Enquirer: 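The structure's right below; bear with me while I get my questions together.
If you read the sequence from its start, that first residue is 1, and numbering goes on from there. What you see is a predicted model, and the numbers here were worked out from it, not measured in a lab.
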Amino acid sequence: MEDIDAGMEQTAPVWAAFGDLMSGLLGAFVLLLVGVLVVQMQMATHLEDEVKKRQVEEQRRMTLERALAVPLASGRITLVNGRIGISGRVLFAQNSDQLQSEGRQLLSSLVKPLQSYLTARNEMLMVSGFTDNKSIRGGSGQFEDNWELSAQRALTVTRALIDEGMPSSMVFAAAFGAEQPIAPNVDEKGRAQNRRVEMAPVPRANNTSAVATAASAPQ
């Protein structure tokens, strides 16, 4: 009997250690499982957010296309990734910031649909000027460089939109010079594509209101 009791006393610590080991393994497995579930939930949430974001962007694009259906159908403007493009030659003579009559008529036709779109979404319109890469610095013209030319063109379009009825609180100007070309500047065809003005709806921000007001001031 004493031998049996001694054997049981020696075996008991082994079973206790084994039980502790199994409990530890079970706890680790549970933690691993919880971690996997959390990661899966985060991935599912991220994927759902991405799908919703794409749906919103697609809806936004379709709404803008509907608003600008007439000028888009006529080929007078382009719409790529939410940016409305107008060829520079439609608006201005080369190296000039004086708006041509054809360009003013086009801008006038855009005011009402754009204003309706911007009002519905509580957004603003950024008017951006771009040039080709041919330097005009040191020339006989009135502009110091391409930055100044693109800035003046953007301001001219901004003021024209305001003159045609766009509230000044809804529009502001930006200049990009020869940066961000949409075609290689290797020939006249490519340079002509890069001489352009783009308009893009953007979220409202407090710091853009002052710019919009300044753009509406007389020259």
Enquirer: Where the side chain of Ser116 meets the backbone of Pro113, is there a donor-acceptor pair that is under 3.5 Å apart?
Expert: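 Such a contact is absent between Ser116 side chain and Pro113 backbone.
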Enquirer: Which heavy atom of Asn146 sits nearest to which heavy atom of Asp132, and what is that distance?
Expert: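 Where Asn146 meets Asp132 most closely, the heavy atoms are ND2-O, 3.6 Å.
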Enquirer: Can you confirm whether Glu58 is buried at CD, in the sense that more than 12 heavy atoms of other residues, nucleotides or ligands lie under 6.0 Å from that atom?
Expert: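 Yes, enclosed.
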Enquirer: Is any NZ, NE, NH1 or NH2 atom of the basic residue among Arg195 and Glu188 found under 4.0 Å from an Asp or Glu carboxylate oxygen of the other?
Expert: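 A salt bridge links Arg195 with Glu188.
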Enquirer: What heavy-atom pair brings Ala154 and Ser128 nearest, and what distance separates the two atoms?
Expert: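 Taking every non-hydrogen atom into account, CB-C, 4.3 Å.
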Enquirer: Just by distance, do the side chain of Thr156 and the backbone of Leu99 share a donor-acceptor pair under 3.5 Å?
Expert: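 Here the side-chain-to-backbone pair does not exist.
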Enquirer: More than 12 heavy atoms of other residues, nucleotides or ligands under 6.0 Å from CG of Asp187: is that the case?
Expert: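 Atom CG in Asp187 is packed in, count exceeds 12.
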Enquirer: Look at atom CZ of Arg121 and say whether more than 12 heavy atoms of other residues, nucleotides or ligands are closer to it than 6.0 Å.
Expert: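 Yes, enclosed.
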Enquirer: What closest approach, in Å, do Val127 and Met199 show between heavy atoms, and which atom pair accounts for it?
Expert: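 Minimum heavy-atom separation between Val127 and Met199: CG2-CG, 4.0 Å.
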Enquirer: Which heavy atom in Arg60 sits nearest to a heavy atom in Pro201, and how many Å separate them?
Expert: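 Arg60 and Pro201 have their closest heavy atoms at NH2-O, 2.8 Å.
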Enquirer: Look at Glu102 together with Arg76 and state whether they make a salt bridge at an N to O cut-off of under 4.0 Å.
Expert: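 Salt bridge absent between Glu102 and Arg76.
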Enquirer: Is the backbone N or O of Gln115 less than 3.5 Å from a side-chain atom of Thr119, with the two atoms forming a donor-acceptor pair by type?
Expert: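 It does hold such a pair.
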Enquirer: Do Leu107 and Leu91 come close enough that some side-chain heavy atom pair is under 4.5 Å?
Expert: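 SC-SC contact between Leu107 and Leu91 confirmed.
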Enquirer: Out of curiosity, Glu198 CD to Met126 CE, how far, rounded to the nearest 0.5 Å?
Expert: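 The CE atom of Met126 is 8.5 Å from CD of Glu198, to the nearest 0.5 Å.
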Enquirer: Just verifying a value: how many Å separate Leu155 CG and Asp97 CG, rounded to the nearest 0.5 Å?
Expert: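 Separation between the atoms: 9.0 Å.
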Enquirer: Taking all non-hydrogen atoms of both residues into account, name the closest pair between Phe130 and Glu179 and its distance.
Expert: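 Smallest interatomic distance, heavy atoms only, reads CD2-O, 3.6 Å.
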Enquirer: Assess the residue pair Leu125 and Tyr117 against the criterion (side-chain contact (heavy atoms from CB on, under 4.5 Å)); give the C-alpha distance rounded to whole Å, side-chain angles, the decisive distance to 0.1 Å, and a yes or no.
Expert: CA-CA 10 Å; Leu125 188 70; Tyr117 176 87; over 6 Å; no
Enquirer: Can you tell me which residue among Asn185, Thr131, Asn133 is in a side chain to side chain donor-acceptor pair (under 3.5 Å) with Asn194?
Expert: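 It is Asn185, the one option of Asn185, Thr131, Asn133 that forms the side chain to side chain donor-acceptor pair (under 3.5 Å) with Asn194.
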Enquirer: Minimum heavy-atom separation for Thr78 to Leu72, with atom names?
Expert: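 Shortest heavy-atom separation between Thr78 and Leu72 comes out as C-CD2, 4.0 Å.
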Enquirer: Is the shortest side-chain heavy-atom distance between Met166 and Leu114 below 4.5 Å?
Expert: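 Answer yes - side chains close enough.
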